[in-house]
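Quick note on labels: first sequence line is chain A, next is B, and so on, each numbered from 1.
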Protein chains: 2
Amino acid sequence: MGYFPIGLRKEGFSLTEDTIVRAKSLAQQAYHLIREAILSGRLQPGERFIESRWAMEWNISRSPVREAVRVLVAEGLLQENGNGYEVFRPSLQDFHDLYEMRLAIEAMAARLAAERIKEPTLVKLQENVEQTQRAVTTGDGPGIISYNTEFHLLIVESTNNSRLIHSFQSYTPLIDYYCLLVLTLNQQQTDIVAEHQAVVDALRAKQATDAYERMFLHIRHDLTVIERM
Amino acid sequence: MGYFPIGLRKEGFSLTEDTIVRAKSLAQQAYHLIREAILSGRLQPGERFIESRWAMEWNISRSPVREAVRVLVAEGLLQENGNGYEVFRPSLQDFHDLYEMRLAIEAMAARLAAERIKEPTLVKLQENVEQTQRAVTTGDGPGIISYNTEFHLLIVESTNNSRLIHSFQSYTPLIDYYCLLVLTLNQQQTDIVAEHQAVVDALRAKQATDAYERMFLHIRHDLTVIERM
DNA sequence: ACGGTGTTTACTGTCGGCTGTCGACTGCAT
DNA sequence: ATGCAGTCGACAGCCGACAGTAAACACCGT
């Protein structure tokens, strides 16, 4: 007991596995499950979060759930509410703050990337822009979103700065979360291709301030489009 | 038992209090104590961190200590080490990454502050610059550091952006930490006053891009000075 | 000496239970 | 009805104990 992934603990498991795999701690599994439940919207914003319910649900004790909760509170996805916890309640102000954070991180990332990016990444970025173009013309909504995410990730990663990357990864799901809750989609803008292309051009030319400027305008454009709704 | 602040649990406490005060949870107290111990250098980098030792030390059970550890791991101040934990081991690369993070956050903050800063804050900033000037001329090292910290904090706070502020507050102690460990002091540069003054001037003139640029150069200057050592 | 195999030890992960607190409910007096 | 005290159920904070594990140690045949 206590070593099988949540959800398999009663039903048993297949013995046909050919490698030995050590399950993550229950606390970590609980963390990921709760996080996923919040970000996917299965847990409503403001909904009360009760440790013991989930512990029972998963047939584990409250300790690992508590530890997961501690981390989620630190990350802001859960909030202490007098006595008890509730799911983070997003506000427009938060969303605005988040976008300014994006501006800070990603514009800086573009600036740094201009000096550090490698040829293979540039190639990938160029491909990405073209794939985005196709997705836009064919009206492939999910495609646009996923290519867009990849575009920004590639640039942030090419800074080789672990803090920027970590920060980026911590707020990216939140943006999707807001879009899920508040907005239908923010991909109506067709300028995205041109703006991405401008960033790539600046990166290719190793023009740091130019890359910064392009990325800054791109994200701020996104923000103003969203705010108009 | 279990409801008095750590350190008072055996000695009892005065009954002359005239207000009811709720003690912070043991987990929160443990969190702050551990964090303080790390940042002050009393816990050496790389030193193994043993939950049960500290629980015994404080006469509490391991549960609250564990919860504190969870948060500190999430923040990066403790690291999982196979089986067990150890104190975050800073590296030069980390320090460099941290400074680029500063560039991202604080340059953006200056940009936003230019549009949002209020007159009283501008006055405070101007006073701050003059106090810094005096501290520099009298060779008051600690004074320079504390005025410098205040300067940057004032600007970040005047963005009214909770994410930027939170990010700033999470890395600020780390910078002091690095300075404590690696460097004697990074305040040998006397340009600090002129650079701060330039930022304040740009803010007063509501020149966003100018404020951005000044702050960017100021912090990068700091970084290059440090790196030369 | 030395690789390999028990064995101890010191720790983390998890559990179930106890206690304090809060909010809702109940019943009584006004 | 209304205000108040008492009661109760639900939940978080905390605890002591147990189980599992990794590294250090001791032992052994070679």
Between [X] and [N], does any side-chain N or O lie under 4.0 Å from OP1 or OP2?
| X | N | answer |
| --- | --- | --- |
| A:Arg53 | D:dC11 | yes |
| B:Tyr85 | C:dG13 | yes |
| B:Arg66 | C:dG13 | yes |
| B:Ser52 | C:dT12 | yes |

Whole angstroms only, please: what is the [atom1]-[atom2] distance between [X] and [N]?
| X | N | atom1 | atom2 | value |
| --- | --- | --- | --- | --- |
| A:Ile60 | C:dG13 | CD1 | P | 14 Å |
| B:Met56 | D:dG16 | CE | P | 12 Å |
| A:Trp58 | C:dC15 | CH2 | P | 13 Å |
| A:Asn81 | D:dG13 | CG | P | 12 Å |
| A:Ile50 | C:dG23 | CD1 | C1' | 13 Å |
| B:Ile20 | C:dT21 | CD1 | P | 10 Å |
| B:Phe49 | C:dT12 | CZ | C1' | 13 Å |
| A:Arg48 | D:dA10 | CZ | P | 12 Å |

Between [options], spot the one nearest the side chain of [X], thanks.
| X | options | answer |
| --- | --- | --- |
| A:Asn83 | D:dG16, C:dG13, C:dT21 | C:dT21 |
| A:Ser63 | D:dG13, D:dC11, C:dG16 | C:dG16 |
| B:Arg70 | C:dT21, C:dC15, C:dG13 | C:dG13 |
| B:Glu51 | D:dA12, C:dG13, C:dT14 | C:dG13 |
| A:Leu26 | D:dC11, D:dA12, C:dC15 | C:dC15 |

Upstream residue (5' side of DNA chain C) when A:Gln28 and B:Arg22 are each assigned their closest nucleotide: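 Of the two residues, A:Gln28 wins.
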Residue pair A:Glu75 / A:Tyr31, side-chain donor-acceptor N/O under 3.5 Å: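 Per modelled atom types, A:Glu75 and A:Tyr31 side chains form a pair under 3.5 Å.
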State, without any angle test, whether B:Asn161 and A:His96 hold a side-chain donor-acceptor pair at a distance under 3.5 Å.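 Note: B:Asn161 and A:His96 side chains miss the donor-acceptor criterion.
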In terms of the angle between their ring planes, are A:His218 and A:His152 parallel, tilted or perpendicular, with boundaries placed at 30° and 60°?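 Judged by the thresholds at 30° and 60°, the geometry between A:His218 and A:His152 is parallel.
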Classify the ring geometry between B:Tyr212 and A:Tyr212 as parallel (under 30°), tilted (30 to 60°) or perpendicular (over 60°).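 Correct class here is parallel.
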Are B:Arg111 and A:Phe216 in a cation-pi contact, defined as NZ or CZ under 6.0 Å from the six-membered ring centre and within 45° of the axis?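 Ring-cation test returns yes.
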Once you apply a heavy-atom cut-off of 4.0 Å, does A:Ser25 come out as touching a base, just sugar-phosphate, or nothing?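 Contact class for A:Ser25: sugar-phosphate only.
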Upstream residue (5' side of DNA chain D) when B:Arg62 and B:Glu67 are each assigned their closest nucleotide: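 The residue closer to the strand's 5' end, by nearest nucleotide, is B:Glu67.
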